[in-house]
Protein chains: 2
Amino acid sequence: MGAQAQRTEEWADVTPDAARRLLTAAVEAFAERGYHATTTRDIAGRAGMSPAALYIHYRTKEELLYRISGVGHRLALGILRQARDGAGTPAERLADAVRRFVRWHAEHHTTARVVQYELGALGEEHYAEIVALRRDTDGAVRDIIEDGVAAGDFDVPDVRGTTLAVLSLCIDVARWFNADGKRSPGEVGELYASLVLRMVGCAQER
Amino acid sequence: MGAQAQRTEEWADVTPDAARRLLTAAVEAFAERGYHATTTRDIAGRAGMSPAALYIHYRTKEELLYRISGVGHRLALGILRQARDGAGTPAERLADAVRRFVRWHAEHHTTARVVQYELGALGEEHYAEIVALRRDTDGAVRDIIEDGVAAGDFDVPDVRGTTLAVLSLCIDVARWFNADGKRSPGEVGELYASLVLRMVGCAQER
DNA sequence: CGCACCCCTAAGCGCTTGCTCAGGCGCCGG
DNA sequence: CCGGCGCCTGAGCAAGCGCTTAGGGGTGCG
């Protein structure tokens, strides 16, 4: 599946078509140059429209970022919650969470880069809303680790610190991952799952 | 030591005084808002000067970023090389490297944030120069891990991938670290050193 | 004392930015 | 065939951007 097909799938429920094209154009541009270095003319140009067309579908440039950030954060949170609430031992659920979370960050590294590294450009209220989602994200991972500690499967002296480190490790994949590189998203996910299991001192390490 | 004293110490060899004040003002502003969202008027204002004063000491706004990036990267590289070339077992040297690298990223998280997350705003030539420094940084960490594998102290199936993950983990400290938080830079360094030792499957894990 | 030098400012230039607005094209039901 | 409406464009506005220029004041050397 090419990047183009991936992107239209990812934002399939955004209508009308022009609004979606603008949104995916914004994701591309924000990921490449950063929010502040991207002009509304650039976004409109990538979507094949005039600059004014943007404002028929979105009130401001910041709203574009907010929409992208919201969808991305809810998606990421969904992945982690699904893994947390799944079946299996804590180790299996943690590995599953990391595998899928990392895989998403690698596969959709354009979107993920915007989601994870451009939230500082959000307006105050929007920022607060997104930060709340991020707290939930942290909570989901912490839940799994606490389960493992309670079951005696993990050896984690500092649960909060380790949770932070695990999430930080996974998120940063969006920064360095290169689609042209040697590693596939699946491979990175696998490697990271094993690394994280080691970080939590998992006894029966796979 | 306050943030102010820290900053003047960090850039002690920048002269004249006005040039240093502008540089530290730029570090603050870039770290807070990002390079592209920072105006030359803001930088000059923080340094207590008029906008024009900036151009007596630096040719462009980008040169400020380049200078900051260069100093920061050379400093970070120095920390890792010193640890690599030090005495002790590979495990001790790796722990030392992580401890000090992370501690620097936490203590100087303002500078580190600019160094690690704003390099995309550099001009083409300057960018290439900085990327070379980053390759060396990667090499220093890889050297230590390879030593540990060769000595049979580490169990690392994927050396390049693990090196990348270790560096990524440490670098990302600059993004989330908060000086007002509960954790001190030293504590984070200690925690991360132990996590990294686990990641490389170190046998006599402290 | 005079003058050259360094460091600085006030003013502003040319350009780009986010965003607006009046109007036009095409598809729709009647 | 017509009229309304959803979607889009060309032109452009006010504000802010990076950066330049002409000139002033303090300091130290001859």
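We name chains A, B, ... by the order of the sequence lines, and we start the count at 1 in each one.
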Exercise. To the nearest angstrom, how far is Asp42(A) atom CG from dC19(C) atom P?
Worked result: 15 Å

For this session: Using a strict cut-off of less than 4.0 Å between a Lys/Arg side-chain nitrogen and an Asp/Glu carboxylate oxygen, indicate whether Asp85(B) and Arg81(B) qualify as a salt bridge.
Result: no

Seminar exercise, completed: The complete set of ring pair (Phe, Tyr, Trp, His ring centres under 6.0 Å) pairs with one or both residues in residues 80-105 of chain A, sequence neighbours excluded, reads Phe101(A)-His105(A), Trp104(A)-His108(A)

Problem set entry | Short side-chain N/O contact from His57(B) to OP1 or OP2 of dC6(C), under 4.0 Å | no

Are there any protein N/O atoms within less than 3.5 Å of an N/O atom in nucleotides 24-27 of chain C, and if so, which ones and at what distance?
none

For this session: Would you check if the side chain of Arg183(A) reaches a backbone N or O of Val188(A) as a donor-acceptor pair within less than 3.5 Å?
Result: no

Problem set entry | Ring geometry between Tyr192(A) and Trp176(A) (parallel below 30°, tilted from 30 to 60°, perpendicular above 60°) | tilted

For this session: For Val159(B), enumerate each residue passing the side chain to side chain contact (heavy atoms under 4.5 Å, CB included) test, keeping only those at least two apart in sequence or located in another chain.
Result: Arg142(B), Ile145(B), Glu146(B), Val149(B), Val156(B), Thr163(B)

Sort me out a list of protein N/O and nucleotides 26-28 of chain D N/O pairs below 3.5 Å, or just none if empty.
none

Exercise. Between dC7(C) atom C1' and Leu22(B) atom CG, what is the distance in whole Å?
Worked result: 12 Å

For this session: Start with the C-alpha distance between Glu28(A) and Arg21(A), add both sets of side-chain angles, then the distance that settles salt bridge (Lys or Arg N to Asp or Glu O under 4.0 Å), and finish with yes or no.
Result: CA-CA 11 Å; Glu28(A) 260 182 55; Arg21(A) 263 159 51 220; over 6 Å; no

Exercise. Side chains of Arg134(A) and Gln116(A): donor-acceptor distance under 3.5 Å anywhere?
Worked result: yes

For this session: Sequence neighbours left out, what passes side chain to side chain contact (heavy atoms under 4.5 Å, CB included) with His36(A)? Give chain and number order.
Result: Ala121(A), His36(B), Ala37(B)

Problem set entry | Glu10(B) versus Thr111(B), side-chain donor and acceptor atoms under 3.5 Å | yes

For this session: Verify whether one side chain among Glu62(B) and Tyr35(B) offers a donor that lies under 3.5 Å from an acceptor in the other.
Result: no

For this session: Would you mind reading off the distance between Glu63(A) atom CD and dC19(C) atom C1', rounded to a whole angstrom?
Result: 14 Å

Problem set entry | Protein-to-nucleotide contact annotation, 5' to 3' order, nucleotides 9-20 of chain D [B base; S sugar-phosphate only; - none; under 4.0 Å, heavy atom] | BB-B----BBBB

